[in-house]
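Contents: one structure, followed by commentary.
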Amino acid sequence: DVKVTQSSRYLVKRTGEKVFLECVQDMDHENMFWYRQDPGLGLRLIYFSYDVKMKEKGDIPEGYSVSREKKERFSLILESASTNQTSMYLCASSFGAVGYGYTFGSGTRLTVV
Amino acid sequence: KNQVEQSPQSLIILEGKNCTLQCNYTVSPFSNLRWYKQDTGRGPVSLTIMTFSENTKSNGRYTATLDADTKQSSLHITASQLSDSASYICVVWSGNTPLVFGKGTRLSVIA
């Protein structure tokens, strides 16, 4: 069964900490995405990547960066965590043109205190 | 602007009853529309995906319809079960940009 795996289900970090959220997919997908999901706002795209070492800003990239050194791994980095980054973070991947085979990970619930 | 609007925002139904969730979109061009089910605290899981030429698609007790002319879709759930309690998200893809997500409908099925 195809999988998108996010390294942590729950994470609690302190304000100002550097936070790494990891996502690994085993489907050889070219495209990977990071979203955050907040009540009443739905899923919002933070960053995405169409290939290794490539990255594109989504709708809300401020305060985040990403890294894609290998095809199967896409990392989201919070350079200096803030309380307004408390959220559910979802990783997804797809193949070919961006909309095909779209699969989500189980999510990471991040709380910044 | 590409948008996906879902209604209602939330819904409570009795176990065993049917319900219908609505999705209207303004995404253009249109490539496909999908419905996802998201259990609390989990990632979304795909229920159906429909292209322009498909009017109806079923997945067990879930039936999705698509009217590409009016840009509307619905998700009908038959004989609801407690395990159907979740958020249902409508997502539209234009074919050349990232997916456009609706904000979801929160369904609660009670005994």
Side-chain angles (χ1 to χ4, degrees), chain A residues 1-11 21 23-25 27 30-50 54-61 87-111, chain B residues 1-10 21-52 54 59 64 66 73 86-108:
Chain A
D1 199 10
V2 295
K3 270 192 174 175
V4 177
T5 303
Q6 294 184 230
S7 52
S8 304
R9 285 288 310 280
Y10 300 96
L11 217 50
L21 302 183
C23 176
V24 177
Q25 49 97 0
M27 298 166 282
E30 296 93 342
N31 312 307
M32 297 188 75
F33 308 82
W34 275 107
Y35 294 86
R36 64 177 284 175
Q37 185 178 31
D38 301 288
L41 297 178
L43 277 83
R44 292 180 291 167
L45 182 62
I46 305 172
Y47 268 97
F48 57 104
S49 169
Y50 290 143
M54 273 195 57
K55 60 183 179 182
E56 297 280 347
K57 291 180 179 179
D59 300 320
I60 52 164
S87 185
M88 171 71 131
Y89 289 87
L90 289 160
C91 175
S93 72
S94 72
F95 65 89
V98 71
Y100 294 109
Y102 218 90
T103 304
F104 284 92
S106 294
T108 296
R109 168 67 66 183
L110 173 67
T111 301
Chain B
K1 183 181 177 182
N2 287 335
Q3 284 187 318
V4 175
E5 300 286 342
Q6 291 187 244
S7 62
Q9 285 189 342
S10 62
L21 314 180
Q22 299 290 344
C23 173
N24 297 339
Y25 61 92
T26 59
V27 178
S28 182
F30 174 85
S31 181
N32 60 51
L33 182 147
R34 57 196 78 191
W35 284 91
Y36 282 88
K37 178 186 179 188
Q38 184 177 20
D39 293 319
T40 301
R42 310 294 297 189
V45 175
S46 181
L47 290 174
T48 65
I49 180 168
M50 302 177 72
T51 60
F52 185 89
E54 295 175 298
N59 178 358
L66 174 64
S73 176
S87 288
Y88 292 84
I89 303 172
C90 176
V91 187
V92 180
W93 183 42
S94 68
N96 55 17
T97 60
L99 304 181
V100 182
F101 288 79
K103 294 180 180 179
T105 292
R106 177 70 201 173
L107 174 66
S108 298

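So that the names make sense, note that chain A is the first sequence line, chain B the second, and so on, each numbered from 1.
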Any side-chain heavy atom of Arg9(A) sitting closer than 4.5 Å to one from Arg42(B)? yes
Chain B contact via Tyr10(A) - side chain, backbone, both or neither, heavy atoms under 4.5 Å: neither
Cut-off 4.5 Å, heavy atoms of chain A, and the answer for Gln9(B) is neither
For residues Leu90(A) and Gly43(B), report the shortest heavy-atom separation together with the two atoms involved. CD2-CA, 3.6 Å
Residue set satisfying salt bridge (Lys or Arg N to Asp or Glu O under 4.0 Å) with Arg44(A), at least two apart, ordered chain then number -> Asp38(A)
For Ser10(B), side-chain hydrogen bond (donor to acceptor under 3.5 Å, both in side chains) partners two or more places apart: none
Rounded distance (nearest 0.5 Å) linking atom CG of Leu99(B) with atom CZ of Phe33(A): 6.5 Å
Heavy-atom proximity to chain B below 4.5 Å, by part of Gln6(A): neither
Indicate yes or no: at least one non-hydrogen side-chain atom of Phe104(A) is less than 4.5 angstrom from one of Tyr36(B). yes
